[in-house]
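Contents: one structure, followed by commentary.
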Amino acid sequence: MKASQYYFPTLRQAPAEAEIPSHRLLLRGGFIRPLSAGIFSFLPLGLRVLRKVENVIREEMGAAGALEVFLPVLHPRELWERTGRWDSFQPTPLRTQDRNERVFLLGPTHEEVITDLVARDLTSYKQVPLTLYQIQTKFRDEIRPRGGLIRVKEFTMKDAYSFDLNREGLDHSYQAMYDAYVRIFQRLELPVVVVEAEAGSMGGHDTREFMVLNESGEDTIFICDTCGYSANVECAQPAAPPGARSHDSGDGPQLAQTPNARTIDQVCAQLKTTPDRLIKTLLYRADGGFVAALIRGDRDLNEFKLRGYLGTEQLTMATPEEILQVTGAPVGFSGPVGLPEEVRIVADCEIQAMAEAVVGANRADAHLLGVRVGVDFQPAEYVDLREARHGDPCGKCSRGTLQAHRAIEVGHVFKLGTKYSAALDAIVDDEQGQQQPLVMGCYGIGVSRIVAALVEAHHDDNGISWPATAAPFQVAVLLLDPDQPEPRAIAEKLVAALEAAGLEAILDDRAERPGVKFKDADLIGYPLRAVIGRRTAESGEIELRRRRDAQEQVVSADQAVGTARAMLAS
RNA sequence: CGGGGCGUAGCGCAGUCCGGCUAGCGCGUCGGCUUUGGGAGCCGAAGGUCGCCGGUUCGAAUCCGGCCGCCCCGACCA
């Protein structure tokens, strides 16, 4: 390939809207261009990288026994109504309709479509296990796109779905995908941490996310510095505090006036106390009833944990009207003492270890002091409800501490069970002739997001430094004097030899000054660079330089290909 | 959706507070000459609905109102 006939409009300066390194460099290097917020076009270089990533995924999916399919983007409304996700999927999918006003959504994920697909043809246990995958554009109406390719409305995703007769089969299929993921990220030289996580809108269990530790990421994960336990903020477990305290002493609750003190900080200021001596009472509506969740004043409630503990589909915070109706007080003065019987009280473990606490009095402008946990009120249970914080003791080993990190989620595997197969009649006969819903697993990889993650992980002040497996071209041959016939002949011969050896090479024969070619090569991030200049014409020697570590070798023309391969491989 | 910032040539910006010649600068682009191993030099040129609509005014990039777009932070925490 000749650069003079290629298209990679590089920018000396990044557009002002780009802040994180991957966004800036992908724009500057001519890989992508924005069309609208969270919507990008891929230019030839960007597409080449995307295809490289896709192909690594394809090879490993194939090696793991998965078969590629290609599913529709437009999904009829009725299909999603059958699984109940038309109304419940978050974020709300983009919707559209045809001229007959038939309503469709633009697929944010494909559980419904794939399950419907196999349901029509699978009838016997003899036809499973089966794992199908696709690489497809997904649409999500993100509340806020951000970070270039990190979070966008339209993106490329690999999604795989496994179908098995039973749990044991699912375990095998799941493990095969998990192992394939490990190999994919190894080959892409993308360092990942596998963390425990929640399945979110998909529903499921044994959820693991593949995370790239990076400051530009938008997820927070915790890693124990001692035992290596790692989890997403959604489910990271801090250790429960040591044993319950005795609350026999003390005089019991005393009423204190706290006019207009609706927040923890305001209460603390008025009562001259600290947030860790307060109990926050958060009122939720859960599947019809009300639940009061108690959490220490300096902590945040983790709604995923509350939802998981209650086992409910619906969980929303009570409205101000409902709070007034249930507690008799306006927002900001709720407390566990004297709540109606039917309100279920669940408390975070830390509450059990508190001495006398300050709580809302369930009347306007008042709080209760000296409230004794377990005496003045009795929670139904003490459970882990709080969001982990940097430095919390580890819930797994209780010796180490949890370290918080920012991370980019690039892959996700989990077990779905029979939620979709049961709803969409993906049912087969087992050996006994009994009808069984297929047991499913679901496995996603953010392909376009990986492109951004690769740049985040592999760049320096001069530009990108692609791993060889993902690079748009492995070698750039810089022809510094394109007008001179002799150097040009050497360069063209070298490119042909590199290509014959299975390497992708681009010949920079543009009528640009040498400096421009060097700068562009560094910016675009070819793993290897060969220079054909005046020195080459005189000595016949070609200079090879590796982008990653600037290692340089000067070799004769006939050694160049061998040396290039060696430098790329080591 | 709430908060903040921004919108002037392809990119980066100045000018806007305090209205007033023909709207500037750097980079890039085009032509010419010179140059040729880390984003060249000189000469010349092109390129702008100042985000959009409306208002105030003799006069608006600048003041007022509305709208749109882009970026960042936040996400019901009592």
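Each chain gets a letter, A, B and so on, in the order the sequences are listed, and its residues count up from 1. Below, each value reflects all heavy atoms present in this structure, side chains not excepted, and no hydrogens, waters or symmetry copies.
Taking every side-chain heavy atom of A:V531 into account, B:G37 is the closest of B:C70, B:A75, B:G37. Among the nucleotides B:C77, B:C71, B:G39, the one closest to any side-chain atom of A:A37 is B:C71. When distances run from any side-chain atom of A:S36 to the nucleotides B:C71, B:G39, B:C70, the shortest one goes to B:C70.
Sorted by first and then second residue, the salt bridge (charged side-chain N to carboxylate O under 4.0 Å, His left out) pairs with a member in residues 518-528 of chain A read A:R510-A:D520; sequence neighbours excluded. Applying the salt bridge (charged side-chain N to carboxylate O under 4.0 Å, His left out) test to pairs two or more places apart or on separate chains, those with a residue in residues 2-15 of chain A are A:K2-A:E492.
Between A:D508 atom CG and B:G38 atom C1' there is a gap of 13 Å when expressed in whole angstrom units. As rounded to whole Å, 9 Å separates atom P of B:C77 from atom OH of A:Y284. Note: CD (A:E538) to P (B:G37) measures 11 Å, nearest angstrom. Counting to the nearest Å, the C1' atom of B:C73 and the CD1 atom of A:I20 are 15 Å from each other. When the C1' atom of B:C71 is taken as reference, atom CG of A:L35 falls 16 Å away, rounded to whole Å.
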Which donor-acceptor pairs under 3.5 Å do side chains of residues 531-538 of chain A form with protein atoms, sequence neighbours excluded?
| from | atom 1 | to | atom 2 | distance (Å) |
| --- | --- | --- | --- | --- |
| A:T536 | OG1 | A:G533 | N | 3.0 |
| A:T536 | OG1 | A:E541 | O | 3.0 |

Expected list for residues 326-344 of chain A: side-chain donor-acceptor pairs under 3.5 angstrom, two or more places apart:
| from | atom 1 | to | atom 2 | distance (Å) |
| --- | --- | --- | --- | --- |
| A:T327 | OG1 | A:I323 | O | 2.7 |
| A:T327 | OG1 | A:A329 | N | 3.0 |
| A:T327 | OG1 | A:A329 | O | 3.2 |

Enumerate the protein-to-nucleotides 40-43 of chain B contacts in which both atoms are nitrogen or oxygen and the separation is below 3.5 Å.
| from | atom 1 | to | atom 2 | distance (Å) |
| --- | --- | --- | --- | --- |
| B:A40 | OP2 | A:R513 | NE | 3.4 |
| B:A40 | O4' | A:R513 | NE | 3.4 |
| B:A40 | N9 | A:R513 | NE | 3.3 |
| B:A40 | N9 | A:R513 | NH1 | 3.4 |

Taking only N/O atoms, report every protein-nucleotides 8-10 of chain B pair under 3.5 Å with atom names and distance.
none

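With sequence neighbours left out, A:F473 forms a ring-ring contact (aromatic ring centres under 6.0 Å, His included) with A:Y6. Annotation: ring-ring contact (aromatic ring centres under 6.0 Å, His included) contacts of A:F377 (sequence neighbours excluded): none. Under the rule for a ring-ring contact (aromatic ring centres under 6.0 Å, His included), A:F155 has no partner lying at least two apart in sequence or in another chain. Scored by the salt bridge (Lys or Arg N to Asp or Glu O under 4.0 Å) test, A:E504 finds A:R48, A:K52 as partners (sequence neighbours excluded). Partners of A:D384 by salt bridge (Lys or Arg N to Asp or Glu O under 4.0 Å), not counting sequence neighbours, listed by chain and number: A:K305, A:R386.
In terms of polar N and O atoms assigned as donor or acceptor, the side chain of A:E17 never comes within less than 3.5 Å of the base of B:G7 in a complementary pairing. Under 3.5 Å, the side chain of A:E543 and the base of B:G37 form at least one donor-acceptor pair of N or O atoms.
When heavy atoms are screened at a 4.0 angstrom cut-off, A:D520 is found touching base atoms of the nucleic acid.
Residues A:E409 and A:H412 have side chains that bring a donor and an acceptor to within less than 3.5 angstrom of each other. Counting only N and O atoms by type, the side chains of A:H367 and A:T258 include a donor and acceptor under 3.5 Å apart.
Both A:K280 and A:I143 sit near RNA chain B, but only A:I143 has its closest nucleotide nearer the 5' end. Comparing A:R529 and A:F333 by the nucleotide of RNA chain B that holds the closest heavy atom to each, the one mapping nearer the 5' end is A:R529.
Near RNA chain B, meaning a heavy atom under 4.0 Å from it, residues 211-221 of chain A has no residue at all.
Taking atom C1' on both B:A40 and B:G24, the two are 25 Å apart, rounded to the nearest angstrom.
Stacking of A:R95 on the aromatic ring of A:W86 is recorded, both the 6.0 Å distance cut-off and the 45° axial limit being met.
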